[in-house]
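Within every chain, numbering begins at 1; the chains are lettered A, B, ... in the order of the sequence lines, protein sequences first and strands thereafter. Side-chain atoms are counted along with the backbone in the values below, which use heavy atoms only and exclude waters and symmetry mates.
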Protein chains: 2
Amino acid sequence: MIKPYKTVIVDDHPIVSEGLQVLFSQSKEVEIIRSFKTGAALLDYGSLGKVDIILLDIFLPDINGIDLCLKIKKSYPKIIILAMSSQSERSIVLQMIKNGANGYLLKSASLDEFKSCIHKAIEGELAFSNEVKGIVQKTNIHDLKAIPRLTRREKEILLLLADGKSTQEISDALFLSYLTVQTHRRNLLSKCQVKNVAELLKFAKENAL
Amino acid sequence: MIKPYKTVIVDDHPIVSEGLQVLFSQSKEVEIIRSFKTGAALLDYGSLGKVDIILLDIFLPDINGIDLCLKIKKSYPKIIILAMSSQSERSIVLQMIKNGANGYLLKSASLDEFKSCIHKAIEGELAFSNEVKGIVQKTNIHDLKAIPRLTRREKEILLLLADGKSTQEISDALFLSYLTVQTHRRNLLSKCQVKNVAELLKFAKENAL
DNA sequence: ATTTTTCTACCTGTTTTCAGGTATTTTTTA
DNA sequence: TAAAAAATACCTGAAAACAGGTAGAAAAAT
């Protein structure tokens, strides 16, 4: 008999973890051995090397699931990582795959889809829930334009912009010259190839910046 | 012996519904009799009048949970409605309570919290999960400034603004004069008492507009 | 049927953002 | 330690947003 795949869940919603645990409680193939509420808790887990599958929520209270995926895959490339999220932004899905995830599940997927995706991933396939499948398929390579890497300052200013702050308010808050903030703003728009702040915020959301 | 409370779940994530069903499968007090993925499905439900408790997700694919709550309470004031959400924006919580909800649970709440809140609600109390409790308590009446009611056109334009569209693009899309769109923009900012589009979007998000 | 609200559109300014440059200093990385 | 990247700051001009006003037509509510 085959040993079941040791599986952990990373999700800050107990209900979801619980639901998944029940879903696989009968399974002989998948055994949920632990669940974590934060990325940090997972990384602190001593026996991470012995884990076979991680069911990973994209939105965690501490760290971004996309970055966490990359981090895990660097240390333990063999672990099968299945991303879960309630959003299906194309760019997030693609980033996740680029970072080594073995699949992407929408939380609105049916339980059958959940199971079958996990099976697929075990068999070595990239597994997507139905809704995500469409999104991935209609993606040509041109859409894979690199997601710009923002500097610390730029992220800081992006946050304040999202808060509705004006250039003047930002320069006051960060003790910078008005002109400096203007430059950062310009660089943000230029890097993300957008034309105004609203579009920038949309872009940032879509790409989980 | 007391009859169990007939409870339905409205949530578009099967995992959550499933988790809740399992959580209460042993309970003699609460009996989950059905679950729905959309607000429309719930409203179509013939036996809605016989339901005692509704566990209602705020974000549904078709209708806003806040409006749905009001609608249900108008027809069936006796039904206990417990709101669930992964967000805890103060304004959303308060709106929900104003619309007659009997409690507000964060999805990140523990299962024990879930259970105890449902108990509280049954006893007639307003039930909040711990994180929400703090938010509600530190709310004075001044914070209850009325959420402005937006007209259909305003909502339409708000959506396009969130998409990063400029005034010109909006006027083209809606076949309106540039000046008309300008007026609507101004009214939006004025109604929401904000000074720019970014702040408007933040406000809209916080208030689930 | 009448009042109220919404949608439409215009005018006049001021302020802010956007877009193009350049350039020095500081910090990080190789 | 040298090279690269980031953060800082300034200048100029065009474009867009913001703020104040008014007002008639259309639609909705009473």
Note to self: Between B:E169 and A:K195, is the salt bridge (Lys or Arg N to Asp or Glu O under 4.0 Å) condition met? List the steps.
What the structure shows: CA-CA 12 Å; B:E169 287 170 328; A:K195 68 174 182 313; 3.2 Å; yes
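Straight-line distance from the CG atom of B:L200 to the P atom of D:dA17: 13 Å, rounded to whole Å. Following rounding to the nearest Å, A:E199 (CD) and C:dC18 (P) show an atom-to-atom distance of 11 Å. Distance B:Q168 CD to D:dA16 P: 8 Å, rounded to the nearest Å. For the pair B:L161 CG and D:dA17 P, the computed distance is 9 Å after rounding to whole Å. Atom pair A:L158:CG and D:dA6:P shows a separation of 16 Å (rounding to whole Å applied). In this structure, A:R149 places its CZ atom 11 Å from C1' of D:dA4, rounding to the nearest Å. If you take CG of B:L189 and C1' of C:dT14, they are 15 Å apart, rounded to a whole angstrom. Atom CD of B:E154 is separated from atom P of C:dT6 by 7 Å (rounded to the nearest Å).
With A:I157 as the fixed residue, the side-chain contact (heavy atoms from CB on, under 4.5 Å) test singles out one of A:L150, A:L174, A:T151: A:L174.
Closest contact between the side chain of B:V197 and the listed nucleotides C:dT6, D:dA6, D:dC18 involves D:dC18.
The shortest distance between side-chain heavy atoms of B:L60 and B:F36 does not fall below 4.5 Å. Looking at heavy atoms from C-beta onward, A:L55 lies out of side-chain contact with A:D11 at the 4.5 angstrom threshold. Using a 4.5 Å heavy-atom threshold, the side chains of B:F114 and B:M84 count as touching. Between B:D52 and B:K3 there is no side-chain heavy-atom pair separated by less than 4.5 Å.
Residue whose closest nucleotide on DNA chain C sits further toward the 5' end, between A:S166 and B:T151: B:T151.
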Check the interface with nucleotides 8-15 of chain D: list each N/O to N/O pair with the protein under 3.5 Å, or write none.
from: D:dT8; atom 1: OP1; to: A:R153; atom 2: NE; distance (Å): 3.2
from: D:dT8; atom 1: OP1; to: A:R153; atom 2: NH2; distance (Å): 2.5
from: D:dT8; atom 1: OP2; to: A:R153; atom 2: NE; distance (Å): 2.7
from: D:dT8; atom 1: OP2; to: A:H184; atom 2: NE2; distance (Å): 3.2
from: D:dA9; atom 1: OP2; to: A:S177; atom 2: N; distance (Å): 2.8
from: D:dA9; atom 1: OP2; to: A:T180; atom 2: OG1; distance (Å): 2.9
from: D:dA9; atom 1: O5'; to: A:T180; atom 2: OG1; distance (Å): 3.2
from: D:dC10; atom 1: OP2; to: A:S177; atom 2: OG; distance (Å): 2.8
from: D:dC10; atom 1: N4; to: A:T183; atom 2: OG1; distance (Å): 3.4

Anything under 3.5 Å between a protein N or O and an N or O of nucleotides 26-30 of chain C, put it in a table, one pair a line.
none

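Within a 6.0 Å sphere centred on NZ of B:K71, heavy atoms belonging to other residues, nucleotides or ligands number 12 at most. The neighbour count for B:Q87 CD, taken as heavy atoms of other residues, nucleotides or ligands under 6.0 Å away, is above 12.
Donor-acceptor pairing under 3.5 Å is lacking for the side chains of B:S108 and A:D12. Remark: the B:H184 side chain and the B:E156 side chain contain no N/O donor-acceptor pair separated by less than 3.5 Å. Using a 3.5 Å distance cut-off with no hydrogens or angles, the side chains of A:K202 and A:N196 do not pair a donor with an acceptor.
Phosphate proximity of D:dA19 to B:R185: absent, as no side-chain N or O sits under 4.0 Å from OP1 or OP2.
Taking five base pairs at each end of the helix from C:dA1-D:dT30 to C:dA30-D:dT1 and finding the rotation axis that steps the C1' atoms of four pairs onto the next four gives two axes whose angle is 80°, to the nearest 10°.
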